[in-house]
Amino acid sequence: MTTSIVLGAGMVGVSTALALQESGHQVVLLDRKAPGRETSYGNAGIIQTEAVEPYAFPRSVTEIARVALKRGNDVDWRLRDMPRLVGPLWRYFAQSAPAPYARTIAAYSQLALRASDDHARFIEPAGAGELIVRQGWRAVYRTPATFEAAAATAERLKRVYGVPSAVLGASELAASEPALQPRLAGAVHWTSPWTCRDPGELVARYAALFVARGGTLARGDAMSLQQNGAGWRVLSEGGTFTAQNAVIALGPWSPTLAKTFGYRIPMVFKRGYHRHFAGSNGPRISMLDVDRSTLVAPMNAGWRVLTGAHMAPPGTAPASRQILHAANAARELFGLGEAVEATPWSGTRPCMPDMLPVVGPTRHKGLWFHFGHGHQGFTLGPTTAFILAEQIEGGHGNPLALPLTPSARGWA
């Protein structure tokens, strides 16, 4: 029997453990915390099958100036963090040019379109059906100009990729969301995505399924990974584990561990913030206020209000600007109550300059990378896990796997 260690118990790591288990591996899943308590806990909980075109770096001078001057709430940054970010950000800018971005979309869109089918392989066996809502989500717009542009984009995505949506005018939106306080210009209802009422709990249910199927869940420090002859070993609170394969699925912490083996990974770090609010009035389904870069999602813990991206390396102090603006925007839309938590939650999204996750073998025998999903780790974790498991089993016939590999990026 093949043995494997998976380092990291977020959505990506837990999905990796399950996919390898289905392929017949004996798997140890190791993390310093319980499953789903880091980045996977704090997302919007949307399995975004409509997200066929990932977030590109702004290319116009006007848009770059807007971000640089912090004139919106979608992006925040601090001058002192730029020395650690400027190299990856420059690569991100270069990869967002039309030709490389088109290559990214060609691969990325295929991943997104199959995401819900891959999650479905775990949801019911994990007993997590009551966490999933299959009603899509809405992007709402405050001005006619942004609404009209969004409607045109929705029509294009429907025509090119088959992504279903419904365009709602002001009156239709008001009827669909009776708790909405202001009259907005309109909305795009993305109808195919599924949403989750507790993202961290979904990861925990997947992890429980992994254990029920015979997997080993261990607490330990992933940074203790070392080569062990022809294989790998790692230290846990319960002792040492050895295996033929080791998979680094540590999200934003992956480059730190990879660096100890000689790999330089140019990751772009985007921090997000959220806070839950009490109250009986909120959106029926998750709603993104595009013009204020604020998402309000109905969760078991309350109304989760989420922000845009703060360009900040791991370990730097959190900032309050975006979450304060997002809370104010959410209160303009709905009659939300008091905050549930004393302080907002924050976590880092691990983004790659070419906007594709890193999935595949390294130059070290038995060492595999599986990270860099950016905003879509919760969405794409199972999908890329099955692709990785296929590679580990010796499968080389999947053309979708090639652009995701470390070697295709020059890192292996």
Side-chain angles (χ1 to χ4, degrees), residues 5-13 15-16 30-32 38-40 54-57 81-96 100-101 103-104 107-108 111 221-227 232 234 245-272 309-316 347-377 380-381 384-385 387-388 391-392 401-412:
I5 298 167
V6 177
L7 304 170
M11 177 59 81
V12 173
S15 297
T16 303
L30 181 138
D31 203 320
R32 62 185 179 180
E38 291 280 8
T39 306
S40 293
Y55 298 101
F57 196 100
D81 295 330
M82 285 299 107
R84 295 175 60 185
L85 297 174
V86 65
L89 285 173
W90 175 253
R91 293 185 183 217
Y92 184 17
F93 173 78
Q95 290 294 321
S96 297
Y101 185 57
R103 291 192 293 271
T104 289
Y108 195 96
L111 299 175
D221 184 1
M223 301 302 165
S224 67
L225 181 70
Q226 293 182 343
Q227 287 186 282
W232 299 87
V234 69
N245 300 298
V247 180
I248 298 178
L250 292 167
W253 298 277
S254 298
T256 302
L257 179 54
K259 188 176 181 180
T260 66
F261 298 103
Y263 301 93
R264 298 295 186 269
I265 309 298
M267 185 173 283
V268 177
F269 300 104
K270 297 182 182 181
R271 181 178 294 160
H310 176 197
M311 314 303 287
T316 56
T348 301
R349 306 177 183 106
C351 306
M352 305 312 301
D354 62 2
M355 294 152 279
L356 290 172
V358 185
V359 186
T362 71
R363 62 177 176 267
H364 287 76
K365 180 177 174 57
L367 182 64
W368 304 80
F369 286 169
H370 190 199
F371 54 79
H373 294 67
H375 298 259
Q376 302 298 347
L380 297 179
T384 53
I387 292 173
L388 179 66
Q391 293 182 56
I392 293 177
L402 180 59
L404 309 181
T405 60
S407 59
R409 272 76 159 255
W411 303 328

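Applying the ring-ring contact (aromatic ring centres under 6.0 Å, His included) rule to W368 yields no partners; only residues at least two apart in sequence or on another chain are considered. Listed by chain and number, the residues in a ring-ring contact (aromatic ring centres under 6.0 Å, His included) with Y108 amount to none (sequence neighbours excluded).
In this structure, D354 pairs ionically with R409, as a charged nitrogen and a carboxylate oxygen lie closer than 4.0 Å.
Side-chain contact between R32 and E38: present, with at least one pair of heavy atoms (C-beta onward) separated by less than 4.5 Å. Counting only heavy atoms from C-beta outward, the side chains of L367 and Q227 never approach each other to under 4.5 Å. For the pair R271/R349, no side-chain contact is recorded, criterion being any heavy-atom separation below 4.5 Å from C-beta on. Side-chain contact check for M355 versus Y92: some heavy-atom pair is nearer than 4.5 Å. A 4.5 Å side-chain heavy-atom check between V234 and L7 finds at least one atom pair inside the cut-off.
Among the candidates V358, V359, I387, the single residue satisfying the side chain to side chain contact (heavy atoms under 4.5 Å, CB included) test with H370 is V359. Among F369, F371, W411, the one residue that satisfies the ring pair (Phe, Tyr, Trp, His ring centres under 6.0 Å) test with Y263 is F369. A side chain to side chain contact (heavy atoms under 4.5 Å, CB included) with P313 holds for exactly one of V268, L85, T348; it is L85.
For the pair T384 (side chain) and L380 (backbone), a donor-acceptor distance under 3.5 Å is present. Judged by distance alone, the side chain of Y101 and the main-chain N or O of P54 form a donor-acceptor pair under 3.5 Å.
Ring geometry, F261 versus H364: the interplanar angle exceeds 60°, so the pair is classed perpendicular (tilted spans 30 to 60°).
Looking at R363 and S407, their side chains never bring a donor and an acceptor atom within 3.5 Å of each other.
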Which donor-acceptor pairs under 3.5 Å do the side chains of residues 247-257 make with protein atoms, sequence neighbours left out?
residue	atom	partner	partner atom	Å
S254	OG	L250	N	3.0
S254	OG	G251	N	3.2
S254	OG	G251	O	3.0

